[in-house]
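Read the numbers this way: they start at 1 and go in the same order the structure lists the ligands and their atoms. Since we're looking at a predicted model, the values are computed, not measured. Throughout, numbering of the chain's residues begins at 1 and tracks the sequence.
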Amino acid sequence: MSTIFGKIIRREIPADIVYEDDLCLAFRDINPQAPTHVLVIPKQEIPRLADANAADQALLGHLLLAANRVAQQLGVGDAFRLVVNNGAEVGQSVFHLHLHILSGRRFRWPPG
Ligand code: AMP
């Protein structure tokens with residue numbers, strides 16, 4: 001089932017897109033939790049990381065490399081955090097796999 005991120009991929013709703021290639025798209029989060037907060041999403045509609053499988057191995061690797069590339073491009077490549085929320089209980093609200101790139105402030109560990 002398509003989500004709001006599917007609409008962004010299909011350009012049905014606007015987004016502040018910072019990177020795109022054949023397999024993924026990166027755009028600024030509409031409700032940023034840090035000075036830099038960008039989402040990297042696969043164009044393939046995988047709801048959660050838990051729904052990915054061995055056939056998605058190359059795509060998942062691609063997303064990590066794309067996240068690094070976007071961080072470098074945005075000038076935060078030396079200090080950024082990646083977050084993947086998997087499941088509503090841990091805060092996933094959009095069921096289209098996405099990596100949060102967060103940077104530009106101090107982060108606590110463990111995360112809350
Ligand atoms: P999560 O809670 O991990 O599922 O993250 C979903 C993220 O998507 C949240 O940080 C939202 O602020 C963000 N979000 C929801 N709708 C949009 C949108 N239309 N454009 C950009 N970011 C969005």
Regarding Glu45 and Lys7, does a basic nitrogen lie under 4.0 Å from an acidic carboxylate oxygen?
no
If you look only at distance, which donor and acceptor atoms sit under 3.5 Å apart when one is on a side chain in residues 23-34 and the other is two or more places apart or in another chain?
{"residue": "Asp29", "atom": "OD1", "partner": "Asn31", "partner atom": "N", "Å": "2.8"}
{"residue": "Asp29", "atom": "OD2", "partner": "His37", "partner atom": "NE2", "Å": "3.3"}
{"residue": "Gln33", "atom": "NE2", "partner": "Asn31", "partner atom": "O", "Å": "2.9"}

Tell me which residues fall inside the under-4.0 Å heavy-atom shell around ligand 1.
Ile4, Phe5, Ile8, Phe27, Arg28, Asp29, Ile30, Asn31, Leu39, Asn85, Gly91, Gln92, Ser93, Val94, His98, His100
Report yes if the side chains of Leu64 and Leu99 come closer than 4.5 Å at any heavy-atom pair, otherwise no.
yes
Would you say the rings of His96 and His98 are close, in the sense that their centroids are separated by under 6.0 Å?
no
By side chain to side chain contact (heavy atoms under 4.5 Å, CB included) - contacts of Leu65 (at least two apart):
none
What donor-acceptor contacts under 3.5 angstrom involve side-chain atoms of residues 51-61, with partners at least two apart or in another chain?
{"residue": "Asp51", "atom": "OD1", "partner": "Arg48", "partner atom": "NH2", "Å": "3.1"}
{"residue": "Asp51", "atom": "OD2", "partner": "Arg48", "partner atom": "N", "Å": "3.0"}
{"residue": "Asp51", "atom": "OD2", "partner": "Arg48", "partner atom": "NE", "Å": "3.0"}
{"residue": "Asn53", "atom": "OD1", "partner": "Ala55", "partner atom": "N", "Å": "2.9"}
{"residue": "Asp56", "atom": "OD1", "partner": "Gln44", "partner atom": "NE2", "Å": "3.2"}
{"residue": "Asp56", "atom": "OD2", "partner": "Asn53", "partner atom": "N", "Å": "2.9"}

